Amino acid sequence: MARELTVTLRPLPSRLEGLDRSAPVWIIAAAALLLLMLLPLGWLGYLSVSGEGGLTLAHYARVFTDARLQKALWNTVVLAFWSALLSLAIGAPMAWLTARTDLPGKRVIRGLVMASFVTPPFLGAFAWVMLAGPNAGYLNKLYRGLSGAEAPLLNIFTMPGLIFVVALYTFPYVYIMIVNTLELIASDLEEAASILGASRLWVALTVTLPMVAPAILSGFILSVLQALALFGSPAILALPAGFHTITTQIWALFQYPPKVEMAAAFSVPLLLATALLLFLQKKLLGRRGYAAVGGKGGQRRQIALGPWRQPALVACLAVMACAIFLPYGILAKAAFSRAWAQPLTWDNVTLGNWSFTFLSISTQTAIVNTLELGILTACVGAGLATLLAYITNRRLIVGHQLLAFLALAPVVIPGVVLAVGLFIAYTRPPFLLYGTLWILFLAYLTKEMPVGYSQSDATFRGIHPELEEAGRILGAGRLRVLGEITAPLARSGIIATWCFIFIGVIRELSASILLFTPNTKVMSVVIFDLKEEGQFGAIAVLGLFMLAVTFLAVVLMQTLLGRDVLGARPSGGSG
Amino acid sequence: MRKLLVLSVLAAFFGAAPACAQDARVEAAKKEGKVVWYTSLALTSSEKVAKLFETAYPGIKVEVQRTGSQRILQRVMQELQANIKNVDVIHTSDAGHYVLLKEKKLLMKHTPAGVDRFPPSFKDKDGYHYGLRATVNVIAYNTKAVSAAEAPRTWKDLLDPKWKGKLVTAHPGYSGVIATHVLALVHLHGWDYFKQLAQSKPMLVQSAVDPSGVVASGERPVAVNGGEYTFYQIKKKGNPVEIVFPKEGVPLVISPTAIAIFAPHPNAAKLFTDFIFSREVQQVLADTEGLYTGHPEVKYPADRPKLSELKLLLVDPEELEKRNEEIKTRFVEFFGA
């Protein structure tokens, strides 16, 4: 409503502003975005059909006939479907519990979900190797000791094991979608049903569930997308078990002699699948809408769990034990152990892993690179995202919808696919960027743009244009208004965007793994290298360091935003 | 202990080298400031060698880039394609790589002092690359999980179905030690051997260093391959690991090292190469790292068999180069990834 009003208040500006001195800035921002996306994807498409003698479909023919590639494709489908389903099974009830019930310790649970959200999935996967490797895994040893059984309790090197670990770090996506919806839905309808005599469960199933159904579905699709794009977890858990997913297979195609054309052709189905899924999600959300989801009005009453309070809490904590407590614990143990599988006796305690890790030149370079890239990408990304969100929110140029679409479009590009595109685009003239940090910078910037844009978009939606208009009326130019009025208002939002991008960058593995060179190694790649040699202690040290940097950024962001990263208002007070 | 070692190496090294001739070379190397070493030698061993060099020549850093042999070749070729000149010294465990690199004229001719007395298998007749170290592929088992009586004694013993789910293998698509191993065993028992081995669903790890860790942790009680030096090191650290030298013979892996023709730090690269072939460093490799070397004066710890006492399975580098793709493809075909 408010938006409609402002637009009618200034009927002309959006056309006339094309003449504004600031126009070049908007146009350059738009062009940069276009180039960022089109160059790698264009090359990717071209290379996938290029052969020795001109254009060919031979690569696609091989992709769709080679039994091994088919198997990788199928494994990915299985992994994505089941891990998304499991994420739903974990995330949805937990969201309902923390948003709508009198579950004790809701704040803590939320904080833990957030911790799982920012934990690099490959670190989780790596920790679970130590927890649930069939023989040496800590939990399996414990189980054997207690039960006297021969067979392991869990074998993490299996498809179900992989699904489990992936879901542990994907369920926050479902959780966020549902929690945010639940907190917008007033409980009037639910109460009406209760008054009419429906049981609590019946209300939840017939009233609440249909209202959050779109959120559930899009949470599911988001989880599928996450699982499709993952590289680290399958590389750590699936390869030892002797199976590939699409992402690990694409990576394997880069081994000498590299089959880049094949990798390109194999990337395209993954790209199309993610695009299709995202399109579906938009459709779902668009059609169902949230008829009953009003703004902030309405009461949200807490449902009393009664005797189920404690069991529900235990269930939530059990999930968090799997996602956070156990993995972090085993990482900490490995970081201080000579032999990770042995008990932590005095003989086994060492600081050697720390000195070994931090004294190595290659690690030092990687840490510096990672931080440099994190800061640079976060600055440029937050700046660009802010500009773009400003343009689209204030409708500054013709085609601003297209701009919004472009900014969000990289969501459909899995990291590995983006990397293949970038590798092809920037290993040849005119842009020879391979071997420099710039190619990683471009990868990260593209990959983080959707996150940055949505975050900035939300910021600007919350800032009414009237102050800017006052400034304009008083004669200030667009840029001056932006600098002196809008930016200060949007400051904490922009800094939060910065942190979001920073966190995303320092954990990035799936694109980095194809783009790094020894001088441009980043922490995640070093961890992956160490993994291949089985250097558990050093991995644990670097992993913990990475987590520490991440949480520092999270704390900074929370302080600035005054709310948690999951995007909802602080819990407790809302009920 | 380590300090002492470093000191003795230093003393010996400087004592041996004619001081004045060294000076100009060292100065030139110092100007370059560092040497970039792409190495497939286990990270801890590589770092140790690097530290020795840095102590001997203060002011020249060694940048250790440790990864698997096949990844090193991938890196070198990818960088070449993008016209990146980064690597100085290339050291992998796949002798076939040097056939390829030499053919593509990517290696610099450099003969480290003293290598003329090395056995022929450690030397390139044209003087481009030399074997820095050698190891053999062995079977190893966790003594807590497997008794000496039931431990496998031959490569064929590993095909017994009782080992199902208990084996670990490293990957020829990553490791040159393992690529050599696979070819040697294909000669001995044919591809059928690996087809049958795959029936036991071994855990697949990448580096030839990793099986030692997997066996020591007990994650899998038996390693079906892996560099003997890594098992030796982990056993020395007190882990319950025992090494078996199979009766059919053990695949010998000689890991060459060479300087890239486009090395950005050629003087440091030469200095470093000479240094790692010195008797002192070669002796360190034998003493603490459990490696074999080509140096005739190196003495081996008493608890290790001499290379001459082992029945060695040899692989022709030319053949290894030619069949590289076949080895990787068939291995993946049998083992799944």
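Owing to the predicted nature of the structure, the values given are computational and were not obtained by experimental measurement. Chain letters run A, B, ... following the sequence lines, proteins first, then strands; residues in each count from 1.
Within a 6.0 Å sphere centred on NZ of A/Lys259, heavy atoms belonging to other residues, nucleotides or ligands number more than 12. With a 6.0 Å radius and a threshold of 12 heavy atoms from other residues, nucleotides or ligands, A/Arg144 has its CZ atom above the threshold. The number of heavy-atom neighbours closer than 6.0 Å to NZ of B/Lys201, taken from other residues, nucleotides and ligands shown, is 12 or below. Surrounding CH2 of A/Trp438 are at most 12 heavy atoms belonging to other residues, nucleotides or ligands under 6.0 Å away. Within 6.0 Å of the NZ atom in A/Lys71, the count of heavy atoms belonging to other residues, nucleotides or ligands does not exceed 12. For A/Phe356, the CZ atom sits in a packed shell: over 12 heavy atoms of surrounding residues, nucleotides or ligands are nearer than 6.0 Å. For NZ of B/Lys102, the number of neighbouring non-hydrogen atoms (other residues, nucleotides, ligands) closer than 6.0 Å is greater than 12.
Distance alone, capped at 3.5 Å, places no donor-acceptor pair between the B/Asn225 side chain and the B/Ala208 backbone. Remark: the backbone N or O of A/Val541 is not paired with any side-chain donor or acceptor of A/Asn353 at under 3.5 angstrom. Proximity of a side-chain donor or acceptor of A/Thr370 to a complementary backbone N or O of A/Val522 within less than 3.5 Å is not detected. Distance alone, capped at 3.5 Å, is enough to place a donor-acceptor pair between the A/Gln70 side chain and the A/Val63 backbone.
Only the side chain of A/Leu530 comes within less than 4.5 Å of a heavy atom in chain B; its backbone stays farther off. Residue B/Val214 does not touch chain A at all, counting heavy-atom pairs closer than 4.5 Å. Contacts of A/Phe157 with chain B are made by side-chain atoms alone, with heavy-atom separations under 4.5 Å and no backbone atom involved. Contact annotation for A/Lys521: only side-chain heavy atoms (C-beta onward) come within less than 4.5 Å of a heavy atom of chain B. If you measure heavy-atom distances from B/Ser40 to chain A, you find no contacts under 4.5 Å at all. Contact annotation for B/Leu100: only side-chain heavy atoms (C-beta onward) come within less than 4.5 Å of a heavy atom of chain A. Using a 4.5 Å cut-off between heavy atoms, A/Tyr426 does not touch chain B at all. For B/Leu43, the parts lying near chain A are the backbone and the side chain together; criterion is any non-hydrogen pair under 4.5 Å. With a 4.5 Å cut-off on non-hydrogen atoms, B/Ala198 does not touch chain A at all. B/Pro211 does not touch chain A: none of its heavy atoms, backbone or side chain, sits under 4.5 Å away. Using a 4.5 Å cut-off between heavy atoms, A/Phe423 touches chain B through its side chain atoms alone. In this structure, the portion of B/Lys61 lying under 4.5 Å from any heavy atom of chain A is its side chain and not its backbone. With a 4.5 Å cut-off on non-hydrogen atoms, A/Leu239 touches chain B through its backbone and its side chain both. For a residue to count as touching a neighbouring chain, one of its non-hydrogen atoms must lie under 4.5 Å from one of that chain's; by this rule B/Tyr174 touches chain A with the side chain only. There is no contact between B/Thr230 and chain A, counting heavy-atom distances below 4.5 Å. Interface residue B/Glu325: only side-chain heavy atoms are found under 4.5 Å from chain A. A/Gln249 does not touch chain B: none of its heavy atoms, backbone or side chain, sits under 4.5 Å away.
Classification of the B/Phe272-B/Trp37 ring pair by plane angle, with boundaries at 30° and 60°, yields perpendicular.
B/Ser93 and B/Arg133 form a side-chain donor-acceptor contact under 3.5 Å, judged by distance and modelled atom types alone. A donor-acceptor contact closer than 3.5 angstrom links the side chains of B/Ser45 and B/Gln233.
For chain A, the option among B/Val64, B/Val87, B/Asn83, B/Val209 with the highest count of heavy-atom pairs below 4.5 Å is B/Val209. Ranked by non-hydrogen atom pairs under 4.5 Å with chain A, the options B/Met203, B/Glu47, B/Glu63, B/Arg75 are led by B/Arg75. Residue with the most contacts toward chain B among A/Arg68, A/Arg338, A/Gln255: A/Gln255 (heavy-atom pairs, distance under 4.5 Å). With respect to chain B, the highest number of heavy-atom pairs below 4.5 Å among A/Ala67, A/Gly242, A/Ala72, A/Gly534 belongs to A/Gly242. If you tally non-hydrogen atom pairs under 4.5 Å between each of A/Lys531, A/Arg428, A/Glu533 and chain B, the highest count goes to A/Glu533. Among the candidates B/Glu79, B/Gln78, B/Met77, the residue making the largest number of heavy-atom pairs closer than 4.5 Å to chain A is B/Gln78. Between chain B and the options A/Pro257, A/Pro134, A/Ala241, heavy-atom pairs under 4.5 Å are most frequent for A/Pro134. Heavy-atom pairs under 4.5 Å with chain A peak, among B/Asn324, B/Val36, B/Thr44, at B/Thr44. Put simply, of A/Asn519, A/Thr427, A/Asp347, A/Thr436, the one with the most heavy-atom pairs under 4.5 Å next to chain B is A/Asn519. Chain A forms more heavy-atom pairs under 4.5 Å with one residue of B/Arg220, B/Gln81, B/Glu333, B/Lys166 than with any other, namely B/Arg220.
For the pair B/Arg71 and B/Tyr38, the cation-pi test (distance below 6.0 Å, angle within 45°) is failed.
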